[in-house]
Amino acid sequence: MIHRHREQHKLGSVGWLRAAVLGANDGIVSTSSLILGVAASQATQQSILVAGVASLVAGAMSMATGEYISVQSQADAEQAALATERLELGANPKGEHQELTGIYVARGLDVALARQVATQLMKHDALSAHARDELGITEAFTARPVQAAFASALSFSAGALLPLAVAALSPQSYLIAAVAVASLFFLALLGGLAAKTGGADVMKGVLRVTFWSVLAMGVTAAIGTLFGTTA
């Protein structure tokens with residue numbers, strides 16, 4: 001019996017990590033920026049909270065819709081490619097065997113060994129072999145539209161709830177400062193956690209997300225102040 005040696009690489013978590021970080025980061029930045037913009041226009045705390053809740057709901061639905069459409073398009077393309085490959089395997093198995101052999105030769109195997117590997121894999125599961133090695137489609141990374149939509153909406157909502165909770169609990173006189181500081185703290189923490197989980201430099205991750213978040217919040221707050229002053 002062959003025992004596999006499992007190495008601890010970070011790449012297996014990159015897909016879900018990217019989606020989770022993107023959703024949560026977007027939730028914090030967009031909701032906190034909107035809250036700051038509305039607050040800077042001298043709106044009441046009730047109006048600020050209504051805007052924050054609207055941002056959470058609309059953002060979560062937008063993220064879910066966009067993610068579903070994007071991933072469903074990928075799933076449709078994968079299914080079409082697999083259907084074409086299935087037809088080709090039925091119509092020209094020898095040609096498909098030669099094609100798979102050529103792929104393994106290009107990866108460094110000698111011709112005899114590549115032909116033997118192609119023969120064994122196609123005997124076991126020809127479609128899976130071609131899906132994986134020719135098309136790059138694997139079970140672990142296959143498109144799952146509904147799962148992606150729910151995950152995106154959930155991560156966005158989790159991020160948006162943070163500045164919204166701070167806005168609800170803070171006195172209006174300190175609301176802008178509290179939301180800005182808390183949101184930047186959450187974003188820095190998220191950026192550092194994402195970098196650490198992905199095996200990247202933590203400080204770079206923190207600085208990157210903090211810089212762009214400060215820019216987004218500053219621009220929105222400036223617009224709110226301008227329109228609130230001139231209204």
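Note: hydrogens, waters and symmetry copies are ignored here, and every other heavy atom, side chains too, is used.
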Leu34 vs Thr220, side-chain contact (heavy atoms from CB on, under 4.5 Å): CA-CA, chis, key distance, verdict
CA-CA 7 Å; Leu34 181 61; Thr220 311; 5.6 Å; no
Working for side-chain hydrogen bond (donor to acceptor under 3.5 Å, both in side chains), residues Glu78 and Gln74
CA-CA 6 Å; Glu78 289 178 357; Gln74 179 186 341; 3.0 Å; yes
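Nearest heavy-atom pair, Ser152 versus Ala64, reported as atom, atom and distance to 0.1 Å: OG-N, 4.4 Å. Scanning both residues, Gln45 and Ser170, for their nearest heavy atoms gives NE2-O, 2.8 Å. When all heavy atoms are compared, the tightest approach of Ala51 to Val38 is CB-CG2, 3.9 Å. Of all heavy-atom pairs between Val179 and Ser32, the closest is CG1-CB, 4.1 Å. Of all non-hydrogen atoms in Thr101 and Ala114, the two that sit nearest each other are O-CB, 3.7 Å. Heavy atoms only, all atoms of each residue included: Glu67 and Ala148 are closest at CG-O, 3.5 Å.
Under a 3.5 Å cut-off, the side chain of Ser183 and the backbone N or O of Ala180 do not form any donor-acceptor pair. In this structure, Glu96 contributes its side chain and Gly90 its backbone to no donor-acceptor pair below 3.5 Å.
Hydrophobic clustering of Ile, Leu, Val, Met, Phe, Trp and Tyr side chains at less than 4.5 Å, counting indirect connections, keeps Val50 apart from Val57. By the criterion of side-chain heavy atoms lying less than 4.5 angstrom apart, applied directly or through intervening Ile, Leu, Val, Met, Phe, Trp or Tyr residues, Val53 is not grouped with Leu154; the two fall into different hydrophobic clusters.
Lys123 contributes atom NZ, which lies 12.0 Å from atom CG of Leu121 (distance to the nearest 0.5 angstrom). In this structure, the separation between CE on Met63 and OG on Ser157 is 9.5 Å, given to the nearest 0.5 Å. Once rounded to the nearest 0.5 Å, the distance linking CD1 of Ile28 with CZ of Phe186 reads 7.0 Å. Atom-to-atom distance recorded for Ile176:CD1 and Ile48:CD1 is 7.0 Å, nearest 0.5 angstrom.
When hydrophobic side chains of Ile, Leu, Val, Met, Phe, Trp and Tyr are connected at separations under 4.5 Å, Ile69 ends up as a singleton with no cluster partners. Grouping Ile, Leu, Val, Met, Phe, Trp and Tyr by side-chain contacts under 4.5 Å, direct or through others, puts Phe150 with Tyr68, Val146. Membership of the apolar cluster around Val105 extends to Val111, as traced through chained side-chain contacts below 4.5 Å between ILVMFWY residues. Val181 belongs to no hydrophobic cluster with other residues, because no ILVMFWY side-chain heavy atom falls under 4.5 Å from its own, directly or through intermediates.
Within the 4.5 Å cutoff, the side chain of Ser30 has heavy atoms near those of the Phe156 side chain.
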Using a 3.5 Å cut-off and no angle test, enumerate the donor-acceptor pairs between side-chain atoms of residues 203-212 and protein atoms at least two apart in sequence or in another chain.
| residue | atom | partner | partner atom | Å |
| --- | --- | --- | --- | --- |
| Thr210 | OG1 | Val206 | O | 2.7 |

Show which side-chain atoms of residues 80-89 pair as donor or acceptor with protein atoms under 3.5 Å away, not counting sequence neighbours.
| residue | atom | partner | partner atom | Å |
| --- | --- | --- | --- | --- |
| Thr84 | OG1 | Ala80 | O | 3.0 |
| Glu85 | OE2 | His130 | ND1 | 3.2 |

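Partners of Thr119 according to the side chain to side chain donor-acceptor pair (under 3.5 Å) rule, which considers only residues two or more places apart in sequence or in another chain, are His97. Listed by chain and number, the residues in a salt bridge (charged side-chain N to carboxylate O under 4.0 Å, His left out) with Asp133 are Arg107 (sequence neighbours excluded). For Ser47, the side chain to side chain donor-acceptor pair (under 3.5 Å) partners two or more places apart in sequence, or in a different chain, are Thr44. Residues meeting the side chain to side chain donor-acceptor pair (under 3.5 Å) test with Ser55, sequence neighbours left out: Thr31. Residues passing the side-chain contact (heavy atoms from CB on, under 4.5 Å) test with Ala158: none are found, sequence neighbours excluded. Asp125 is linked by a side chain to side chain donor-acceptor pair (under 3.5 Å) to Ser128, counting only residues two or more places apart in sequence or in another chain.
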